[in-house]
Amino acid sequence: MTLKMTENGLLYLLFLTLGTYAVPALRIGLGEVDIPYAAFLSFVLMGVLVARMVKDRGSIYLSKALVMFSFVYLLSLVASTTIAQFPDLGMTVKYCIFTMSPLLVAVVSDKVKFVRRAIVCLGISGFLVFIYGAYGFVTGEIGSRSEHLLGYFGVTYEPATRNGDMLFLQSTFWILLSISLFGKRNHMRIVYALGAALLATGMFLSLVRGTWITTSLTLLIIMGIGSRYRPQIRYAIPLFLVVSVVCLAGITFLLGQEQVHLIVNRFSTLS
């Protein structure tokens with residue numbers, strides 16, 4: 001197996017395990033520090049990349065914009081940690097490693113097909129995270145009981161994790177929606193659209209107002225701009241919105257009065 005094949009395999013595995021950032025139970029325990037598998041694989045991938053660079057004795061080209069935005073984010077992490085009243089150094093290190101992922105992908109993936117496969121791996125990982133959260137939502141056996149009493153849909157069901165949980169659901173939602181719109185296998189588009197609708201339901205029941213706003217605005221922007229270039233968007237997204245509204249209305253009808261009251265309160269404070 002060549003170094004290049006090893007890099008590709010590690011890249012796909014890294015994206016398949018990105019969900020371990022969202023699920024504390026699926027991490028490597030090292031004393032008091034638990035490390036997501038994706039972070040561990042990032043270190044391994046960096047080592048393989050260094051070995052290939054030494055072997056080839058060549059330089060690599062990276063987009064200046066990609067490097068600039070990555071390092072701006074890294075600087076913001078360091079700055080926020082410096083001025084924090086109670087800095088969490090372990091979390092900062094994890095976020096810094098996570099920020100290097102786009103650079104790793106850019107170095108490894110010299111063809112579009114590799115990026116597409118990595119995105120599919122990310123979609124699989126994100127959907128598994130969604131299933132984990134759905135299991136906790138139905139059974140109440142994940143996370144804090146007091147958090148479950150609040151009645152929202154999440155992943156870890158721990159204090160102050162809802163916004164972070166939704167990052168995984170949102171990224172997976174857009175991946176599934178994109179495949180359902182532009183995928184080549186027509187018979188599978190319904191399956192992908194159903195998965196996107198399930199994720200939309202989870203985001204709706206998360207009670208995270210930021211997720212409601214960003215998802216709605218992004219859909220409107222796609223409808224406004226994308227329909228000029230892709231005729232199917234003109235019909236597919238409005239149809240998806242109608243189906244989602246009908247599904248959400250049906251789910252809301254099945255919910256208890258307390259949860260409906262919570263949803264109404266969150267909507268009333270969107271401003």
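As the structure is a prediction and not an experimental result, all values here were calculated from the model.
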Residue Arg116 excluded, over 12 heavy atoms near CZ under 6.0 Å: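 Not more than 12 within 6.0 Å, no.
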What heavy-atom pair brings [X] and [Y] nearest, and what distance separates the two atoms?
X: Ser180; Y: Ala193; value: CB-N, 3.7 Å
X: Gly195; Y: Leu176; value: C-CD1, 3.7 Å
X: Ala196; Y: Leu177; value: CB-N, 4.2 Å
X: Met166; Y: Ser206; value: SD-CB, 3.4 Å

Gap between atom [atom2] of [Y] and atom [atom1] of [X] - 0.5 Å precision:
X: Leu198; Y: Thr172; atom1: CG; atom2: OG1; value: 12.0 Å
X: Thr214; Y: Leu219; atom1: OG1; atom2: CG; value: 9.5 Å
X: Ile175; Y: Gln170; atom1: CD1; atom2: CD; value: 12.0 Å
X: Leu169; Y: Phe204; atom1: CG; atom2: CZ; value: 14.5 Å
X: Leu13; Y: Leu11; atom1: CG; atom2: CG; value: 9.5 Å
X: Thr156; Y: Asp165; atom1: OG1; atom2: CG; value: 4.0 Å

Any link between [X] and [Y] through a network of hydrophobic side chains (Ile, Leu, Val, Met, Phe, Trp, Tyr) touching at under 4.5 Å?
X: Leu194; Y: Tyr192; value: no
X: Leu205; Y: Trp212; value: yes
X: Phe69; Y: Val67; value: no
X: Leu199; Y: Leu217; value: yes
X: Tyr21; Y: Leu167; value: no

Taking the six-membered ring for Trp, are [X] and [Y] closer than 6.0 Å centroid to centroid?
X: Tyr135; Y: Tyr132; value: no
X: Tyr157; Y: Tyr152; value: yes
X: Phe153; Y: Phe130; value: yes

Aromatic plane relationship, Phe114 with Tyr12 - under 30° parallel, 30 to 60° tilted, over 60° perpendicular: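 Ring orientation of Tyr12 relative to Phe114: tilted.
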Min side-chain heavy-atom separation Val208-Met203 under 4.5 Å: no
Is it the case that the side chain of [X] and the backbone of [Y] share a donor-acceptor pair, with hydrogens and angles ignored and the cut-off at 3.5 Å?
X: Thr17; Y: Leu14; value: yes
X: Ser171; Y: Phe168; value: yes
X: Ser125; Y: Leu122; value: no
X: His148; Y: Ile142; value: yes

Sequence neighbours excluded, every pair satisfying side chain to side chain donor-acceptor pair (under 3.5 Å) that has a member inside residues 69-84: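 Residue pairs passing side chain to side chain donor-acceptor pair (under 3.5 Å), neighbours aside: Thr81-Thr92.
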Side-chain hydrophobic cluster, 4.5 Å single linkage: members besides Leu75: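 Reading the cluster by chain and number, Leu75 sits alone, since nothing else belongs.
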